[in-house]
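Here the structure is laid out as structure tokens; the discussion comes afterwards.
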Amino acid sequence: MKICVASGKGGTGKTTVAASLAEVWPRPACVADLDVESPNLHLFVRPTITRTEPVRLEVPRVDRDACDGCRACVDACQFEALAVFEGQAHVFPEMCHGCGGCFRACPKGALRPGERELGVLELGATGRGQRFAAGRQHVGEAMSTPIIGALVREAARPGVDALMDAPPGVSCPAMTAAGAADQILLVAEPTPFGLHDLGLAVAAFAQLARPMAAVINRAGVGDDGVARFLREAGIPILGEIPYDRRWAEAYGRGEPLAAHPEMRARFEALIGALLGRADASPALLGRSAVMRELDAARSGRPQEAGRRTE
Ligand code: SF4
Ligand code: SF4
């Protein structure tokens, strides 16, 4: 089973939940930090890194003898990564998304494969002996999704569960992470800000058609807007982390909350619920209300009354 712990924004407790799942997960797993811009899961699972691997993107290089400046590659590139000056094509490698379109468009075969290094993978084992994978995007590099894709391939090995800590937000990095999961576990805090960003996350992730469930972090502050929203969206709340100074202090010391007996029981119950959902048939799981709403919108059917997605 591949679980992606995600949220609509940073700071909701995503890594707190991922680290505690890793602390008490009962089966072989790969614990993967997909937040390659600012990874911090390692602070909690204390891995030993045994291997690093660069992640590279294929970018074009121009063969000056073969290029006649026809501009076919410039017209094909959707990312403005090519331009023609003085009768020759020039590449702006940092703009290239590695789509390969220009190679196919060039009638002279004047583009050769080059590469740009985006970051590195750090691979090893957690302090509990689970596999560990994280990525680090190079400073100044804008492309993170190929690094996340490489991490997902590392994490998703047969016979091993994947516990993936997603990047925050709902842009391409988070969608890449969530799209690789069998289940998306949303972490939300019960505040108006939390509700706003949870609404964005649910609307975005619903398009991936993955079962979603939620954990409410800092339960006890704020209001019941998040719980009501989740109920209306048909997304079960599988656990709560109470707002308590002890858990904030444990976080500050880099301790997984599940290392404490009281919280361990909560996370064991959460894992039981996740595994139970994985064993349920798709028909039993059903589709969340948000997914049904999207289906209705796509097919042009009127939406059912009384339902909200934001
Ligand atoms: S590989 Fe794609 S993004 Fe990169 S220069 Fe060619 S067309 Fe543009
Ligand atoms: S399509 Fe090929 S020949 Fe034409 S400008 Fe680009 S690299 Fe040069």
Side-chain angles (χ1 to χ4, degrees), residues 2 4 6 8-10 32-39 51-123 133-156 164-181 200-201 203-210 298:
K2 299 189 286 289
C4 179
K9 72 178 185 70
D33 190 347
L34 307 189
D35 186 359
V36 301
E37 287 186 29
S38 53
R51 191 159 53 98
T52 59
E53 283 182 11
V55 179
R56 299 188 177 97
L57 185 74
E58 185 174 277
V59 301
R61 284 187 302 109
V62 180
D63 179 339
R64 306 252 165 251
D65 295 330
C67 175
D68 66 2
C70 73
R71 296 184 58 87
C73 57
V74 177
D75 294 340
C77 183
Q78 301 298 302
F79 302 99
E80 302 191 4
L82 288 152
V84 170
F85 304 124
E86 298 176 346
Q88 291 264 292
H90 295 265
V91 183
F92 304 103
E94 64 282 1
M95 308 275 284
C96 175
H97 282 55
C99 72
C102 55
F103 290 95
R104 286 187 288 278
C106 177
K108 298 289 189 314
L111 295 174
R112 308 273 183 262
E115 61 185 25
R116 174 172 112 232
E117 187 172 305
L118 306 177
V120 293
L121 302 189
E122 296 176 338
L123 309 169
R136 282 185 194 278
Q137 188 174 350
H138 287 328
V139 172
E141 174 56 57
M143 289 274 293
S144 63
T145 50
I147 309 173
I148 295 169
L151 283 171
V152 165
R153 287 191 292 279
E154 277 295 329
M164 301 182 288
D165 185 11
V170 292
S171 58
C172 292
M175 296 299 279
T176 302
L200 295 177
F205 296 147
Q207 299 177 58
L208 300 170
R210 302 287 192 279
R298 285 191 189 114

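In each ligand, atom 1 is the first atom listed, and ligand 1 is the first ligand listed. FYI, side chains are in, hydrogens and waters are out, and symmetry mates aren't considered; it's all heavy atoms of this structure.
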Quick note on ligand 2: atoms under 4.0 Å from a heavy atom of P107 include exactly 1 (S)

Going by the angle between their ring planes, with limits at 30° and 60°, are F85 and H90 parallel, tilted or perpendicular? tilted

In ligand 2, the atoms that come under 4.0 Å of a heavy atom of L111 are 7 (S)

Those residues at least two apart in sequence (or on a different chain) that pass side chain to side chain donor-acceptor pair (under 3.5 Å) with D75 are none

- Task: Work out whether the distance between some heavy atom of D68 and some atom of ligand 2 is less than 4.0 Å.
- Result: yes

Nearest non-hydrogen protein atom to atom 8 (Fe) of ligand 2, with distance, is C67 SG, 2.3 Å

Student check: side-chain heavy atoms of L121 and V55 closer than 4.5 Å:
yes

R71 heavy atoms within 4.0 Å reach ligand 2 at atoms 4 (Fe), 5 (S)

Value for CG (L34) from CE (M164), rounded to nearest 0.5 Å, stands at 6.0 Å

To the nearest 0.5 Å, atom CZ of F103 lies from atom SG of C73 at 10.5 Å

Answer yes or no: is there a side-chain heavy-atom contact under 4.5 Å between E53 and L123? yes

Margin query: Any heavy atom of G69 closer to ligand 2 than 4.0 angstrom?
Written below: yes

Note to self: For the backbone of R64 and the side chain of Q88, can you confirm whether one donor and one acceptor N or O come within less than 3.5 Å of each other?
What the structure shows: yes

Hey, are R116 and E94 close enough for a salt bridge, meaning a charged N less than 4.0 Å from a carboxylate O? no

If we number the atoms of ligand 2 from 1 as shown, the ones under 4.0 Å from a heavy atom of C106 are 1 (S), 2 (Fe), 3 (S), 7 (S)

protein heavy-atom neighbour closest to atom 1 (S) of ligand 2 works out as C73 N, 3.3 Å

Ignoring waters, protein N/O/S atoms under 2.8 Å from atom 4 (Fe) of ligand 1 are C96 SG

Whether the side chain of R112 engages the backbone of G109 through a donor-acceptor N/O pair (distance < 3.5 Å, no angle test) should be reported. yes

Note: ligand 2 atoms sitting under 4.0 Å from heavy atoms of C70 are 1 (S), 3 (S), 4 (Fe), 5 (S)

message: For a 4.5 angstrom cut-off between non-hydrogen side-chain atoms, does F205 reach M175?
response: yes

